[in-house]
Structure formats: structure tokens, C-alpha cells
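Structure first, then comments.
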Amino acid sequence: QMSNGSSITQFLLLAFTDSQELQLLAFWLFLGILLAALLGNGLIISTVACDHHLHTPMYFFLLNLSVLDLGSISTTLPKATANSLWDNRAISYQGCAAQLFLLVFFITAEFYLLTVMAYDRYVAICKPLHYGTLLGS
């Protein structure tokens, strides 16, 4: 007895456009965004890590925000850049699941970090005399 069965091994992504010229434009746009994010966040990370005067809680939060931003932008943008350059629309089921998990993880972590940063600024502005005891310096 043979049964008729199928399994999903890959998804087909929708292209931004069917025109090769516009796909090249999308490639250069994605590449520019990716390089700008890598450069900007890399500068923040190296500056905070190297300068000992910046080892305060706020700059620690900025360092972590840069790392999370690098993670979130590195999750989807390289695949989108490659798809627009090589006109490849397929993504494996495991690759799609990994992208979705990592993107949700990094965005959720960024929201929690921004909440902690907002609390840090609240304490620094509204209770400046207690800032050192509440958050440490």
C-alpha cells in the first residue's frame, strides 16, 4: 500500500521586482544599508570597548544595543541581498525557521534593553542623588 505524501523542504520568496535592473538597485541598496549598519555599530562597539571613560552603565547599554542591532540586521539582510543579486527566491524550511527565531529573539531583546535604558535615564534625571546606589557606577 503506497500513500500519497509530500513534505515542505523550501519556500519561495516573492521578488521585489521582475526587472533585473531594479533587482540590482535593490542589491546595492541592501548592501549599503548592511555596510552602514556594520560600520556604525562597529564604531560604537570599538569606541566603548577601548575608551575607559565610557565604562558607565549608559554606554554599556549602548554597547549591548549595538550588538543586538548587528544581530538583527545580520539575520535577514544578507539573504535578501543575495536573493536580489543572484535572482534566487528559494529558502530552506530550516533557514526560514532560523531567521524567524533569531529575528524575534533580537527584536525582543532590543525592546527589553530599551526599557532598561529608559529606566536608567529616568533614575538619572528624576533621582540623581540615588543613581549611584540604585544602578551602580
Side-chain angles (χ1 to χ4, degrees):
Q1 175 96 4
M2 293 181 57
S3 65
N4 188 5
S6 63
S7 63
I8 298 173
T9 59
Q10 66 181 5
F11 294 116
L12 292 178
L13 303 172
L14 291 176
F16 291 111
T17 180
D18 290 329
S19 170
Q20 184 65 27
E21 292 83 17
L22 290 177
Q23 282 191 354
L24 283 175
L25 178 66
F27 165 74
W28 288 111
L29 179 69
F30 290 151
L31 186 64
I33 291 170
L34 182 62
L35 291 177
L38 288 174
L39 179 68
N41 288 315
L43 285 174
I44 291 173
I45 291 169
S46 62
T47 302
V48 172
C50 293
D51 191 356
H52 295 290
H53 295 100
L54 300 179
H55 290 180
T56 61
M58 192 63 201
Y59 289 106
F60 174 75
F61 292 142
L62 285 176
L63 175 82
N64 286 312
L65 189 63
S66 292
V67 170
L68 288 173
D69 189 41
L70 278 176
S72 64
I73 205 156
S74 298
T75 301
T76 56
L77 213 52
K79 181 68 176 169
T81 305
N83 285 351
S84 58
L85 179 63
W86 292 317
D87 197 26
N88 180 14
R89 296 182 181 159
I91 185 171
S92 68
Y93 179 75
Q94 291 85 4
C96 183
Q99 273 191 357
L100 181 64
F101 172 76
L102 289 173
L103 190 64
V104 168
F105 171 76
F106 283 124
I107 289 176
T108 304
E110 281 188 30
F111 285 150
Y112 281 117
L113 184 62
L114 287 171
T115 303
V116 172
M117 288 174 72
Y119 179 72
D120 175 66
R121 291 294 89 196
Y122 165 76
V123 172
I125 293 170
C126 296
K127 300 178 182 193
L129 297 177
H130 297 288
Y131 183 75
T133 57
L134 289 175
L135 294 174
S137 51

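These numbers come from the heavy atoms of this one structure, side chains and all, not from hydrogens, waters or symmetry mates.
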- prompt: Among all residues two or more places apart in sequence or in another chain, which pass the ring-ring contact (aromatic ring centres under 6.0 Å, His included) test with His53?
  reply: none
- line: Sorted by chain and number, sequence neighbours left out, side-chain hydrogen bond (donor to acceptor under 3.5 Å, both in side chains) with Gln99 holds for none
- line: Those residues at least two apart in sequence (or on a different chain) that pass side-chain hydrogen bond (donor to acceptor under 3.5 Å, both in side chains) with Glu21 are Ser19
Grouping I, L, V, M, F, W and Y whenever their side-chain heavy atoms are under 4.5 Å apart, do [X] and [Y] come out in a common cluster?
X      : Y      : answer
Ile33  : Leu25  : no
Leu62  : Val116 : yes
Val67  : Leu38  : yes
Val104 : Ile73  : no
Leu35  : Leu85  : yes

Strictly distance-based, threshold 3.5 Å: is any side-chain N or O of [X] a donor or acceptor partner for the main-chain N or O of [Y]?
X     : Y     : result
Thr47 : Ile44 : no
Ser74 : Gly71 : no
His55 : Val48 : yes

What is the distance from atom [atom1] of [X] to atom [atom2] of [Y], rounded to the nearest 0.5 Å?
X      : Y      : atom1 : atom2 : result
Phe106 : Phe111 : CZ    : CZ    : 14.5 Å
Leu114 : Asp120 : CG    : CG    : 12.0 Å
Phe30  : Gln23  : CZ    : CD    : 10.0 Å
Trp28  : Leu31  : CH2   : CG    : 6.0 Å
Ser46  : Asn41  : OG    : CG    : 10.5 Å
Leu63  : Phe60  : CG    : CZ    : 7.0 Å

task: Could you check Glu110 against Asp69 for side-chain contact (heavy atoms from CB on, under 4.5 Å), going step by step and ending with a plain yes or no?
output: CA-CA 8 Å; Glu110 281 188 30; Asp69 189 41; 4.1 Å; yes
Could you pull out the closest heavy-atom pair between [X] and [Y], with the gap in Å?
X      : Y      : answer
Cys126 : Pro128 : C-CD, 3.5 Å
Ser72  : Leu103 : O-CD1, 3.8 Å
Leu34  : Pro78  : CD2-CG, 4.5 Å
Ile45  : Ser66  : CG1-CB, 3.8 Å
Ala26  : Ser84  : C-OG, 4.1 Å
Leu102 : Thr75  : CB-CG2, 3.8 Å

Phe27 atom CZ, over 12 foreign heavy atoms within 6.0 Å: yes
